[in-house]
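Heads up, the thing below is written out as structure tokens.
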Amino acid sequence: MYHHVKKLMYTVNIGEPDVKFGNMLLEQFGGANGELAAAMQYTIQGWNCVDDLGRRDLLLDIGTEELSHLEVVGALIRMHLKPLKTNRAAAEADPLITIAGGGGVNLFDSMGNAWTANYLKITGELDVDLRSNIAAEARAKIVYERLIDHTDDPGSIDTLQFLMTREITHMKAFQAALDSMEKQPFSIGMLKPTPGIVDEYFNGSTGDSVEGDTDMHGPWTSSFGLHPVESQMAGGRGLSVGDINGKIEGEDRGKQDAAQKAVTSPGSEAIGKAGTANGAKSATSKRHS
């Protein structure tokens with residue numbers, strides 16, 4: 001159940017409206033890294049998360065806050081777009097917003113592209129989704145930072161600073177949720193990667209360029225057990241594709257499957273173990289006894 005309170009999470013005030021800046025702000029309303037995309041991504045992830053009620057609550061908490069951020073961004077945009085309603089020169093600069101939208105907000109980005117569910121990253125695998133969310137918050141933080149650089153209005157800067165800061169707060173919460181699962185950092189899903197080939201760093205960009213490019217070496221070629229492998233085209237042996245021989249069960253899951261579950265969770269059955277769905281059957285029986 002949602003309940004709207006007629007009060008912004010952050011009170012927005014601006015000085016002189018700037019229509020062009022208002023158009024830029026639309027990126028955080030209906031854009032790929034905007035607040036609506038974040039709200040929908042985290043909320044739907046939360047609704048799908050029946051195997052971990054604690055982290056489900058986290059996803060729904062932050063998803064709901066993102067809707068509040070959308071409201072703040074919308075208020076800021078409307079203030080900057082206000083001249084579109086009365087000033088013909090301003091209106092002619094952006095006929096899409098003026099004529100189609102009446103000078104208000106709509107689900108478009110700064111280039112007039114319609115919002116789409118393709119922006120959402122929802123896999124149904126909790127640790128994978130948490131990593132996507134951390135990346136989403138990082139992208140949003142950068143967008144707000146760049147928006148701040150393109151206005152001199154103190155009220156707008158303060159509003160954007162508030163929103164930008166909350167992105168870091170959410171990154172911390174998502175990272176803490178991921179860390180508390182106590183999984184190995186590269187353990188994903190249920191199947192183990194094939195040994196040998198998993199540690200081969202393929203040197204696929206070779207030679208020298210006029211810009212000074214050459215084969216470079218760094219921790220990305222040698223950390224976490226990695227070692228470089230040359231392409232057959234460069235005289236190397238290539239990847240150890242002959243090591244591939246079917247699937248390998250038993251990937252490390254950490255505490256991923258030990259959390260409190262909803263009664264609708266398939267529980268152990270979802271990870272290939274025998275037994276009832278996390279006691280869902282017995283819980284149902286008790287309610288009707």
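The figures here come from the full heavy-atom set of this structure, side chains too, leaving out hydrogens, waters and symmetry mates.
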Heavy-atom closest pair (Arg56 atom, Cys49 atom, distance to 0.1 Å) is CD-O, 3.1 Å

Which atom pairs, one a donor and one an acceptor, fall under 3.5 Å between side chains of residues 5-17 and the rest of the protein, sequence neighbours left out?
none

Examine the side chains of Gln256 and Asp52 and answer whether a donor and an acceptor come within less than 3.5 Å of each other. no

Side-chain donor-acceptor pair under 3.5 Å between Asn23 and Ser110, yes or no? no

Identified side chain to side chain contact (heavy atoms under 4.5 Å, CB included) partner of Arg166 from the options His69, Met171, Glu137: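 Passing option: His69.
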
Exactly one of Thr151, Leu147, Thr159 clears side chain to side chain contact (heavy atoms under 4.5 Å, CB included) with Leu25, and that residue is Leu147

Arg55 side chain vs Ala177 backbone, donor-acceptor pair below 3.5 Å: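 Checked: pair present.
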
Main chain of Lys121, side chain of Gln45: is a donor-acceptor contact present, judged purely on distance under 3.5 Å? yes

NZ/NE/NH1/NH2 to OD/OE distance under 4.0 Å, Glu182 and Lys255: yes

Residues Arg253 and Glu125 bridged, charged N to O under 4.0 Å: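 Salt bridge flag = yes for Glu125 with Arg253.
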
Using 30° and 60° as the class limits, which term best fits the ring planes of Trp47 and Tyr2: parallel, tilted or perpendicular?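 The rings of Trp47 and Tyr2 stand perpendicular, inter-plane angle above 60°.
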
Would you say the ring centers of Phe174 and Tyr42 fall short of 6.0 Å from each other? yes

Crowding at CG, Asn245 (>12 non-hydrogen neighbours, <6.0 Å): no

If hydrophobic residues (ILVMFWY) are linked whenever their side-chain heavy atoms come closer than 4.5 Å, directly or via other members, who joins Val229 in its cluster?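 In the cluster with Val229 there is nothing else; it is isolated.
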
